[in-house]
A.B. asks: 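To start, I am sharing the structure in question, which I have written as structure tokens.
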Amino acid sequence: MTARILLVLLSLLALQAVPGTGRAQVFEPTTFFLDNGMQVVVVENRRAPIVTHMVWYRAGAADEPPGKSGIAHFLEHLMFKATRSMAAGEFSRTVARNGGRDNAFTSWDYTAYHQSVARDRLGLVMRMEADRMANLVLTDEVVATERDVILEERRQVVENVPGARLREQMAAALFLNHPYGRPIIGWEHEIRGLTRADAEAWYRRWYAPNNAVLVVAGDVSPDEVRRLAEQHYGPIPRREVPERARPAEPSPQAARRVTLRDARRSRRRRRRGA
């Protein structure tokens, strides 16, 4: 299941709470909370013996402190490294070995991790996800290596794509005061300065069960999900989570225009026309 499908799923789930909407009963989810404050949403779908297990943290690029752009996305990468009980990369290898698929994504308002597996593997991925919620282990070497990976990712998906560079500059010009103006992947010069201490501080600040939503969709019952969630996520203690800041934009006082010219594209056009 792609990130786009997951976003559509969560958006439709949100419509359940809006009275009078035409889609109010599309999924008919069951929702409850664990004692530690973790919200759980269960969507039963018995058409195939598979489940999708997702954990959404209420923290994204818009929550980053000044000068630390990209830290939410950076930690998303680092969550696939070692924990107290798993070696780096073991999470994804275990999912694949059990016939499943896993991934994660970051936006301005959330960071989400998901796995699609056979229904009898739900307890396995839930145990591993709960482990990295509470027991992530980082080293300076791992952080430095992954920082280089993200810098290369930025070069590939932003610096080498004129349209992406234009969108980034447009967002920066559009939002004068709101954090939506910063890129999710981060500004290059700030990514270079991100440290292990920054990642650990972000992890401690936001990655708590009472700041997360567990969504399980597929061939499963709410009672089964409740039992497994209480077993694996229930023992993780809740923590104090700060209020999220979303400053208002000032009234626009002047026109804003963004012009981006890419010399590389101009050279390619000249070569084709020669």
A.B. asks: Working to the nearest 0.5 angstrom, can you tell me the gap between Thr145 OG1 and Ile150 CD1?
C.D. replies: 11.5 Å

A.B. asks: What is the minimum heavy-atom distance between Ala208 and Val241, and which atoms define it?
C.D. replies: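 It is CB-CG2, 4.2 Å.
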
A.B. asks: Side chain to side chain donor-acceptor pair (under 3.5 Å) with Glu188: which residues, sequence neighbours excluded?
C.D. replies: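 Partners of Glu188 by the side chain to side chain donor-acceptor pair (under 3.5 Å) criterion, ordered by chain and then number, come out as Arg192.
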
A.B. asks: Answer yes or no on whether Arg147 is positioned over the face of Phe74, meaning its NZ or CZ is under 6.0 Å from the six-membered ring centre and within 45° of the axis.
C.D. replies: no

A.B. asks: Gln39: which residues meet the side-chain contact (heavy atoms from CB on, under 4.5 Å) condition with it, sequence neighbours left out?
C.D. replies: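 Gln39: side-chain contact (heavy atoms from CB on, under 4.5 Å) contacts with Thr31, Phe33, Val41, Arg58, Val213.
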
A.B. asks: Can you find a pair of side-chain heavy atoms, one from Thr52 and one from Val216, that are under 4.5 Å apart?
C.D. replies: no

A.B. asks: Taking only residues two or more places apart in sequence, or in another chain, which ones meet Val137 in a side-chain contact (heavy atoms from CB on, under 4.5 Å)?
C.D. replies: Arg84

A.B. asks: Write down the atom of Ala72, the atom of Ala61, and the distance for their closest heavy-atom approach.
C.D. replies: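 What the structure gives for the nearest pair is CB-N, 4.0 Å.
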
A.B. asks: Rounded to the nearest 0.5 Å, how far does CG of Asn211 lie from CH2 of Trp206?
C.D. replies: 6.5 Å

A.B. asks: Can you name the closest pair of heavy atoms from Pro29 and Val43 and give their distance?
C.D. replies: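 Distance-wise, the nearest heavy atoms are CB-CG2, 4.1 Å.
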
A.B. asks: Taking the side chain as C-beta and beyond, is there a heavy-atom pair between Ile191 and Arg154 under 4.5 Å?
C.D. replies: yes

A.B. asks: Within the supplied structure, the quantity of interest is the number of heavy atoms (other residues, nucleotides, ligands) at a distance under 6.0 Å from Trp108 CH2; does it exceed 12?
C.D. replies: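 Open.
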
A.B. asks: Output, in order, the C-alpha distance, side-chain angles, deciding distance and verdict of salt bridge (charged side-chain N to carboxylate O under 4.0 Å, His left out) for Asp35 and Arg238.
C.D. replies: CA-CA 9 Å; Asp35 290 342; Arg238 65 183 299 136; over 6 Å; no

A.B. asks: Cation-pi check, Arg132 to Tyr203: give yes when NZ or CZ is under 6.0 Å from the six-membered ring centre and within 45° of the ring axis, no otherwise.
C.D. replies: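 No, a cation-pi geometry is absent between Arg132 and Tyr203.
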
A.B. asks: Is there a donor-acceptor contact under 3.5 Å linking the side chains of Thr106 and Glu76?
C.D. replies: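 Judged by distance alone, the side chains do pair up.
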
A.B. asks: How close do Met86 and Asp131 get, heavy atom to heavy atom, and via which atoms?
C.D. replies: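 Closest heavy-atom pair between Met86 and Asp131: CE-OD2, 3.5 Å.
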
A.B. asks: Mind checking the OH-CG spacing from Tyr233 to Leu228? Nearest 0.5 Å is all I need.
C.D. replies: 10.0 Å

A.B. asks: May I ask whether Met38 and Val42 are part of the same hydrophobic cluster, defined by side-chain heavy atoms of I, L, V, M, F, W, Y residues being less than 4.5 angstrom apart, directly or through others?
C.D. replies: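 In one cluster: yes.
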
A.B. asks: Which atoms form the tightest heavy-atom contact between Leu176 and Pro250, and what is the distance?
C.D. replies: CD1-CG, 4.2 Å

A.B. asks: Can you tell me how far the CZ atom of Arg93 sits from the CG atom of Asp102, to the nearest 0.5 Å?
C.D. replies: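 If I round to the nearest 0.5 Å, the distance is 11.5 Å.
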
A.B. asks: Salt-bridged, Arg226 to Glu224, with N to O below 4.0 Å?
C.D. replies: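 No salt bridge links Arg226 with Glu224.
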
A.B. asks: Do the non-hydrogen side-chain atoms of Asn210 and Asn36 ever get within less than 4.5 Å of each other?
C.D. replies: no

A.B. asks: Out of the candidates Asn98, Leu124, Val95, only one should pair with Val117 under the side-chain contact (heavy atoms from CB on, under 4.5 Å) rule; please name it.
C.D. replies: Val95

A.B. asks: Measuring only between side-chain heavy atoms, which start at C-beta, is Gln115 closer than 4.5 Å to Arg121?
C.D. replies: no

A.B. asks: Trp56 pairs by ring pair (Phe, Tyr, Trp, His ring centres under 6.0 Å) with which of Tyr113, Phe105, Tyr207?
C.D. replies: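 Answer to the ring pair (Phe, Tyr, Trp, His ring centres under 6.0 Å) test with Trp56 among Tyr113, Phe105, Tyr207: Phe105.
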
A.B. asks: Between Ser107 (side chain only) and Tyr110 (backbone N and O only), is there a donor and an acceptor less than 3.5 Å apart?
C.D. replies: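 Checking the backbone N and O of Tyr110 against the side chain of Ser107, no donor-acceptor pair under 3.5 Å is found.
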
A.B. asks: Please find the pair of heavy atoms, one from Pro49 and one from Asp219, that lie closest to each other, and give the distance.
C.D. replies: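 That closest heavy-atom pairing would be CA-OD2, 3.4 Å.
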
A.B. asks: Atom CD in Glu44, atom OG1 in Thr30: separation rounded to 0.5 Å?
C.D. replies: 6.0 Å

A.B. asks: Does any N or O in the side chain of Ser116 come within less than 3.5 Å of the main-chain N or O of Gly100, such that one atom is a donor and the other an acceptor?
C.D. replies: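 Between the backbone of Gly100 and the side chain of Ser116 there is no qualifying donor-acceptor contact (under 3.5 Å).
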
A.B. asks: Using 0.5 Å steps for rounding, measure from the CD atom of Gln169 to the CG atom of Leu260.
C.D. replies: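 Going from CD on Gln169 over to CG on Leu260, the span is 7.0 Å.
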
A.B. asks: If we only count heavy atoms from C-beta on, is the Pro209 to Met133 side-chain gap below 4.5 Å?
C.D. replies: yes

A.B. asks: Would you say that His114 contacts Asn103 through its side chain, given a criterion of any heavy-atom pair below 4.5 Å between the two side chains?
C.D. replies: yes

A.B. asks: Give a yes or no on whether Arg47 atom CZ has more than 12 heavy-atom contacts from other residues, nucleotides or ligands under 6.0 Å away.
C.D. replies: no

A.B. asks: Please determine whether residues Met128 and Met54 belong to a single hydrophobic cluster, defined as Ile, Leu, Val, Met, Phe, Trp and Tyr linked transitively by side-chain heavy-atom distances below 4.5 Å.
C.D. replies: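 In one cluster: no.
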
A.B. asks: Counting only heavy atoms not in Arg46 (residues, nucleotides, ligands), do more than 12 fall under 6.0 Å from its CZ?
C.D. replies: yes

A.B. asks: Thinking salt bridges, do Arg165 and Glu168 make one under a 4.0 Å N-O criterion?
C.D. replies: no

A.B. asks: Under the side chain to side chain contact (heavy atoms under 4.5 Å, CB included) rule, what do Val258 and Leu166 come out as? Steps first, then yes or no, please.
C.D. replies: CA-CA 8 Å; Val258 175; Leu166 177 61; 3.9 Å; yes

A.B. asks: Decide side chain to side chain contact (heavy atoms under 4.5 Å, CB included) for Met126 and Leu214; before the verdict, give the C-alpha distance in whole Å, the side-chain angles of both, and the deciding distance to 0.1 Å.
C.D. replies: CA-CA 10 Å; Met126 202 177 281; Leu214 168 64; 4.3 Å; yes

A.B. asks: Kindly determine whether Arg196 and Val142 satisfy side chain to side chain contact (heavy atoms under 4.5 Å, CB included), including the steps that lead there.
C.D. replies: CA-CA 9 Å; Arg196 172 185 171 186; Val142 164; over 6 Å; no

A.B. asks: Side chains of Arg204 and Leu136: does their closest heavy-atom pair fall under 4.5 Å?
C.D. replies: no

A.B. asks: With the 4.5 Å side-chain cut-off for hydrophobic clustering, are Trp202 and Val149 part of the same group?
C.D. replies: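 In one cluster with Trp202: Val149, no.
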
A.B. asks: Count I, L, V, M, F, W, Y as connected when their side-chain heavy atoms are under 4.5 Å apart, and connections chain through other members. Are Ile50 and Val125 then in the same cluster?
C.D. replies: no

A.B. asks: Among residues at least two apart in sequence or on other chains, which ones pass side chain to side chain donor-acceptor pair (under 3.5 Å) with Thr195?
C.D. replies: Asp198

A.B. asks: Under a 4.5 Å side-chain heavy-atom rule over Ile, Leu, Val, Met, Phe, Trp and Tyr, are Leu151 and Trp187 clustered together?
C.D. replies: no

A.B. asks: Which residues satisfy the side chain to side chain donor-acceptor pair (under 3.5 Å) test with His232, sequence neighbours excluded?
C.D. replies: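 His232: no side chain to side chain donor-acceptor pair (under 3.5 Å) contacts found.
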
A.B. asks: For a salt bridge (charged side-chain N to carboxylate O under 4.0 Å, His left out) check, start with the C-alpha distance between Glu152 and Arg155, then their side-chain angles and the critical distance, and finish with the verdict.
C.D. replies: CA-CA 5 Å; Glu152 179 59 27; Arg155 283 189 286 269; 3.0 Å; yes

A.B. asks: Which pairs pass ring-ring contact (aromatic ring centres under 6.0 Å, His included) with one or both residues in residues 154-175, sequence neighbours excluded?
C.D. replies: Phe175-His178, Phe175-Tyr180

A.B. asks: Salt bridge between Lys68 and Glu190, side-chain N to carboxylate O under 4.0 Å?
C.D. replies: no

A.B. asks: Would you call Glu146 and Phe80 a side-chain contact if the rule is heavy atoms closer than 4.5 Å?
C.D. replies: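 Result no, sub-4.5 Å side-chain heavy-atom pair not found.
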
A.B. asks: Give the C-alpha distance, both sets of side-chain angles, the deciding distance and a yes or no for side chain to side chain contact (heavy atoms under 4.5 Å, CB included) between Asp109 and Arg244.
C.D. replies: CA-CA 10 Å; Asp109 295 305; Arg244 306 175 77 183; 4.0 Å; yes

